[in-house]
Amino acid sequence: MFGNPSRVLSRTRSAVDELVNDADFNDDLRIPSSGDDSSTSGSFTGQRATKNTEIDNMLTEPMAKSKSHTYNNTFISCSPEVDVSCSRLDSKKTITPGNSRNGKEHDSSVEHFEKLADQGNAKAALGLLYTTIHGSASWKDLDFRETSLTHHNLTLRACKRHRPPYHIEARRVLLQMRECGPSPNLQTYHEVIAALARAHEWRIAERTFAELKRDFPNHNPTIELHTSLISAYGKGGQWERAKSTFDALAKENVTMDTGIYNALLSAAVGAARYHEASIVFEQMPKKGIIRNVTTYNAILTSLGRQRRIFDMELVHKNMRKSYVEPNETTLSLLITAHGNAGDCYRAVEHLEEACKARWLKKSAVIFNSALGACVKSGESKLARDVLSMMHAEGVIPTLVTYNTMLMSASARHDWNQVVNIYLELLQHGLTPDAITFDCICGIDKLQSATDAPGRALSATGSVPNAKTSCIRHNDYKSAETRNVHDKKSQLSVGNSLVTDLGTLPELLRSTLNELDMLATESASPQKLTSTTCHVYDALLRALHLSGQAAEVETVFKAMVSKRVCRTVHTYNSLIASYEVRRQWKQAGQAMISMQEEGIAPDALTFDALINVCEEMGQWDRATAWLEHAQEQGHLRCEDELGVLDLHRIRSAGTAQTVLRWWLRRMRSRALAPLDVRAAGQGTRIILESATRGATVSRKSNNVRTCSASLSEADIPLQIRDLPDQIQVVTGWGKHSTVFGYSPVKERVLALLGGLNSPFIVPEYNIGCVVAERGEVRAWLVRDELLSLVRFLGGNRAALRRNFNPMGVDT
DNA sequence: CTAGGGTTAG
């Protein structure tokens, strides 16, 4: 269905025709990027510890002093005006009930909100909510207030149904309601907690739950509310919290249902506690709880992660015996599992079975699963069959479908086909994502598996200390690499890999030429620009990966002069090319330019920039960019107090910056008890009230979790005590290009070792380092005093070396 | 209310 490779040009033409004819092309509704919602999301770890009152404000203030410009038309950014209306209503004299609005009007507005809530149209609902509030002068009208509450709750439901980042808005609406009315009820809280759960924001969900208990002390939250809380914990990987919430409820003799068991089950699966997952699954029938499709899907996910394909088939049979009908998810799970096990034929059998079942709703997902299975096994013929089945069922290919196809073509080094598929993707109005560019240039896992041992040798040969593993010159033309050139498609260069992409760059260049010619002929050339832009992005990525860093900059400049629009991918390639060339100044300048253009940087952008700054000895700059990134919700590695997770950090330099940032904060925390005693007042009040709250709740309810969640939520993160064990998660290095070697892990071990830290690699998990709280505190405080002595002694170099014993400029 | 898979990378 993707046509044949020789028709690149004609395909381009047809793509162009479609663009010109279709006015709606690429005019998709773009959701505001999650990069802007930082001020209220996450664990606030990015915020500097200043005054405690400020910290508290960050958590409770309804109006974020945010620079959020993406929400321009929504309720929230208009909230200052709402505020005005609130204060106005206070000074207003009572309006006689009934004379302001009639019932009919209320009903129709509620209907409108209901519709938006069902559609999950959060933006429209928020806008409507704002106009409704703003237009009303009848806040003392009881009837209206009641309706307004309904409006608010329905808006929150819209936020919940919509994908994140609208959970931020939900939380803000709640805070707004508390301040200006209408007063939130149980349902309000439920909607907000559910929205936060969906967004994996367990910490804010927990806090909201605590607030609910505070606001409704005589009301026991429903089982559904607890289910939402457990779900939030589960999605945040907080198994222990999920479990104790569940156990606490069980102790109170509350009747449990399938829903809460399912939430608990998926919390176990999400936290990779597979043993606990099977215990929960086994317990359900014993406790008289009925298993449904969701239950089975959860346990299948668990088995799938454990690569237990045989057990999965068994569970599948059992569920049929129990008359639980599988759904699309069930079959997708099975198909993917067979794909991972290398049995794409069995995968396709399941797909055929699904197609036979007429009643079963089939989306692109199930076909994508089967397609992925075929591509993993290198069965392109079978992959084509899957595509025909998809077509026959009338299912439209998605971006994932195209990404998978691209993977398959690039694995075969069929660059013509790669360009073909890419153009078709663009022709269908899809916007490529970061994965697309990886798939375009992606190197086949099958082949790399065969020459991995050779690469591993060349990479581990370089000693991973700061001096040798910092970015080197691009010496990929060296004799050593040329000799092995025909054997490998990927070559190790310093610590970056150069990929042989064959004719791909040239093909992309000639495609650009064709597009350029078409643009001059076309009546409306601007419609071509998005296609042109994406092809440029692909070219930049290909150039970067094939080691042509200088060419990346040249092509980027061409884009600017030709006024081709840029994307985050454009700048990611550009900054990555500066990273390779060790040009931290240019990288920083590129970051500034993209922000001026209104393009939100992502984690990859920040990682590349921070890495090059750190490795070039620009530590203050690296730290400043890190804090900048964290303000925007990226590179937040401390999701739990005392646990630093470097899992998702790509480069060693960035890991070093994060580690230093974390140790500095830890050090000020280690010194915190002194501060609390000295600076008293505000801090002391917070602490005292939190402790009181904890004791009260402990008395009224001897369940440990509730008191824990209350007191923890009420003490700002910055002055809470550290846990018994401090941990840095370094990851296993499993997914590193070279098996068993992780630059991040090596760097962390070298740094902590060089600093004489008490951290050690425990036997039970080689993917982390741990130390006792007391030892860490002693180490950090001792270090603090030593630095002070050195500082007073005028030893500037020593002070600067603090936490960076092996940095490049020592 | 609860489940939500699949593609890349790490």
Side-chain angles (χ1 to χ4, degrees), chain A residues 157 160 163 187 190-191 193-194 197-198 221-232 234-235 256-267 269-270 289-302 304-305 326-337 339-340 347 351 354 361-373 375-376 386 397-408 410-411 432-443 445 541 602-604 607 645-651 654-655 730-737 742-745:
Chain A
R157 209 166 94 202
K160 177 187 70 189
R163 297 266 159 205
Q187 166 138 32
H190 196 168
E191 300 288 5
I193 291 169
R198 279 194 74 163
T222 59
I223 187 162
E224 286 89 351
L225 245 161
H226 279 99
T227 304
S228 285
L229 181 65
I230 291 173
S231 168
K235 281 172 181 148
M256 299 302 210
D257 64 357
T258 304
I260 200 159
Y261 265 92
N262 284 348
L264 185 68
L265 179 56
S266 36
V269 178
I289 308 289
I290 292 166
R291 291 166 174 166
N292 64 11
V293 208
T294 304
T295 318
Y296 281 103
N297 288 347
I299 201 70
L300 283 171
T301 307
S302 171
R305 300 232 174 111
N327 62 14
E328 194 192 357
T329 305
T330 318
L331 287 159
S332 281
L333 284 165
L334 283 165
I335 291 169
T336 310
N340 289 335
L351 180 67
K361 274 188 185 168
K362 285 170 286 285
S363 75
V365 173
I366 193 165
F367 294 98
N368 290 340
S369 305
L371 192 64
V375 168
K376 268 180 203 149
V386 171
T398 61
L399 184 63
V400 175
T401 318
Y402 284 104
N403 285 349
T404 313
M405 295 293 297
L406 285 166
M407 232 178 92
S408 165
S410 65
D433 60 5
I435 298 169
T436 311
F437 296 109
D438 283 331
C439 292
I440 286 174
C441 306
I443 283 307
K445 292 269 173 188
R541 178 93 180 143
D602 62 14
L604 208 67
D607 188 295
D645 188 351
L646 300 172
H647 221 144
R648 288 159 182 268
I649 301 294
R650 187 193 59 115
S651 57
T654 306
T730 54
W732 293 72
K734 254 186 200 169
H735 305 288
S736 171
T737 326
S742 154
V744 169
K745 186 181 172 180

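Quick caveat, the model's predicted, so the values are computed rather than measured. Within every chain, numbering begins at 1; the chains are lettered A, B, ... in the order of the sequence lines, protein sequences first and strands thereafter.
In summary, the side chains of A:Thr401 and A:Thr404 do not present any donor paired with an acceptor at a separation below 3.5 Å, with no hydrogens or angles considered. A donor-acceptor pair shorter than 3.5 Å can be found between the side chains of A:Asn327 and A:Thr330. Between A:Ser651 and A:Thr654, the side chains place a donor N or O and an acceptor N or O closer than 3.5 Å (distance only, hydrogens not considered).
A:Ile649 has its CD1 atom 14 Å from the P atom of B:dG10, to the nearest Å.
Looking at A:Asn403 and A:Asn368, their side chains never come closer than 4.5 Å, going by heavy atoms from C-beta outward.
Applying the 4.0 Å criterion to OP1 and OP2 of B:dG4, one finds that A:Ser332 has every side-chain N and O outside that range.
The side-chain hydrogen bond (donor to acceptor under 3.5 Å, both in side chains) search around A:Thr258 returns none, not counting sequence neighbours. The ring-ring contact (aromatic ring centres under 6.0 Å, His included) test applied to A:Phe367 returns no partner, not counting sequence neighbours.
Side-chain proximity of A:Asp257 to the nucleotides B:dC1, B:dG6, B:dA3 is greatest for B:dC1. Among B:dG5, B:dA9, B:dC1, the nucleotide with an atom closest to any side-chain atom of A:Asp438 is B:dA9. When distances are taken from the side chain of A:Val365 to each of B:dA3, B:dC1, B:dG5, the shortest belongs to B:dG5. Each of B:dA3, B:dG10, B:dT8 was ranked by its minimum atom distance to the side chain of A:Arg648; first place goes to B:dG10.
Between the side chain of A:Thr329 and the base of B:dG4, no donor-acceptor pair under 3.5 Å is found.
DNA chain B is contacted by A:Thr294 of residues 289-297 of chain A, taking any non-hydrogen atom closer than 4.0 Å.
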